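Read through the structure below, which is laid out as structure tokens, and then see the notes.
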Amino acid sequence: MEQTQPGDPRHRRRAGNEIKAALRDLRIQLALLNHQVGSRLALKDVDLDCLDVLARSGPLTPSALARQAGLHPATLTGILDRLERAGWIVRDRTRADRRSVTIRLLPDRGIEVFRLYQPMISAMDDVLTGYTEEELDVIAGFLRRSAEAGRSAIEKLNQDS
């Protein structure tokens, strides 16, 4: 393979391709991990996604959860029924308007999920110790911008359909 030097456009293109390949590999590894965790907890991948959104965002209305999880509201209804039956979430009715519902994750169940992700969390902590604070800031910025690029791509696909 031909060696390139920084500053050479081919070097930048090669480095960019390596980053994209690494992100694809990471996506696959995270999907496999999520699938394993879901199997242990008798949850589907989409169930884990909804639980993660609730864990990060706090209680949400069904429409807000559907939007953040990228799901059709009708699809979410079945997911919420399944999660409620299994004791992962509760639907709280608003006192002012009994038709309004907020979905809340039950905190004790979140510990079960955290325990299964702990080996990955620990491994990532070990990986991160090898970077300076400045490098961590660059990595965090890159990942935030990459996530935003994903959101933009989704919006574009939704507009084209």
Side-chain angles (χ1 to χ4, degrees), residues 14-94 100-158:
R14 182 172 291 137
N17 287 338
E18 287 179 22
I19 290 168
K20 291 173 203 169
L23 284 172
R24 287 177 30 215
D25 188 40
L26 176 60
R27 185 203 62 78
I28 290 168
Q29 294 308 312
L30 290 174
L32 291 170
L33 176 62
N34 290 340
H35 187 71
Q36 287 291 319
V37 168
S39 293
R40 296 266 179 103
L41 299 171
L43 295 170
K44 297 180 179 188
D45 291 351
V46 70
D47 298 342
L48 277 175
D49 291 344
C50 290
L51 293 174
D52 190 35
V53 169
L54 288 168
R56 291 174 56 185
S57 299
L60 294 169
T61 64
S63 59
L65 178 57
R67 193 170 38 259
Q68 288 189 35
L71 298 168
H72 189 278
T75 302
L76 182 65
T77 300
I79 294 167
L80 294 178
D81 290 344
R82 188 170 53 245
L83 291 173
E84 188 173 41
R85 275 193 310 274
W88 288 96
I89 62 157
V90 291
R91 291 171 166 134
D92 294 322
R93 300 235 176 252
T94 307
S100 180
V101 174
T102 301
I103 309 304
R104 178 173 48 92
L105 176 65
L106 292 171
D108 292 349
R109 297 302 304 268
I111 293 168
E112 292 178 62
V113 177
F114 180 79
R115 182 181 54 79
L116 292 171
Y117 281 107
Q118 188 56 47
M120 179 62 170
I121 293 167
S122 294
M124 288 304 302
D125 288 342
D126 292 343
V127 167
L128 296 174
T129 61
Y131 293 94
T132 66
E133 287 183 34
E134 293 79 15
E135 289 170 327
L136 291 173
D137 287 342
V138 170
I139 293 167
F142 169 76
L143 291 172
R144 277 192 303 274
R145 291 173 64 193
S146 296
E148 184 54 42
R151 282 187 282 278
S152 296
I154 291 168
E155 285 177 21
K156 179 151 179 39
L157 284 173
N158 287 337

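Note that the structure is a prediction, hence the values are computed from the model and not measured.
For the pair Ile79/Arg82, a side-chain contact is recorded, criterion being any heavy-atom separation below 4.5 Å from C-beta on. In this structure, the side chains of Leu48 and Tyr117 come closer than 4.5 Å at one or more pairs of heavy atoms. Looking at heavy atoms from C-beta onward, Asp125 lies out of side-chain contact with Thr129 at the 4.5 angstrom threshold. Side chains of Met124 and Met120 form a contact here, defined as non-hydrogen atoms less than 4.5 Å apart.
Between Asn34 atom CG and Arg27 atom CZ the span is 11.0 Å, to the nearest 0.5 Å. Considering CZ of Arg85 and CG of Leu80, their distance stands at 10.5 Å, rounded to 0.5 Å. Here the CG-CD1 distance, from Asp47 to Ile89, works out to 9.5 Å after rounding to the nearest 0.5 Å. Considering CG of Leu128 and CG of Leu136, their distance stands at 5.5 Å, rounded to 0.5 Å. Rounding to the nearest 0.5 Å gives a distance of 11.5 Å between CD1 of Ile103 and CG of Leu51. Here the straight-line distance linking atom OG of Ser63 with atom CG of Leu71 works out to 12.5 Å at 0.5 Å rounding.
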- His35 and Leu32: side-chain contact (heavy atoms from CB on, under 4.5 Å), yes or no, with the steps? CA-CA 5 Å; His35 187 71; Leu32 291 170; 5.6 Å; no
- Message: Test side-chain contact (heavy atoms from CB on, under 4.5 Å) on Leu83 and Leu43; report intermediate values, then the result.
- Response: CA-CA 8 Å; Leu83 291 173; Leu43 295 170; 3.7 Å; yes
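In terms of heavy atoms, Ser57 sits closest to Gln68 at OG-OE1, 2.9 Å. Taking all atoms of both residues into account, the shortest heavy-atom contact from Pro62 to Val101 is CD-O, 3.3 Å. Scanning both residues, Tyr131 and Glu135, for their nearest heavy atoms gives CA-OE1, 3.3 Å.
Residue Leu54 forms a side chain to side chain contact (heavy atoms under 4.5 Å, CB included) with just one option from Asp49, Leu106, Leu65, and that option is Leu65.
Between Glu148 and Arg145 there is no salt bridge, since none of the side-chain N atoms of the basic residue sits less than 4.0 Å from a carboxylate O of the acidic one. Comment: Glu112 does not engage Arg115 in a salt bridge, judged by the lack of any side-chain N to carboxylate O separation of less than 4.0 angstrom.
Within 6.0 Å of CZ in Arg40 there are 12 or fewer heavy atoms belonging to other residues, nucleotides or ligands.
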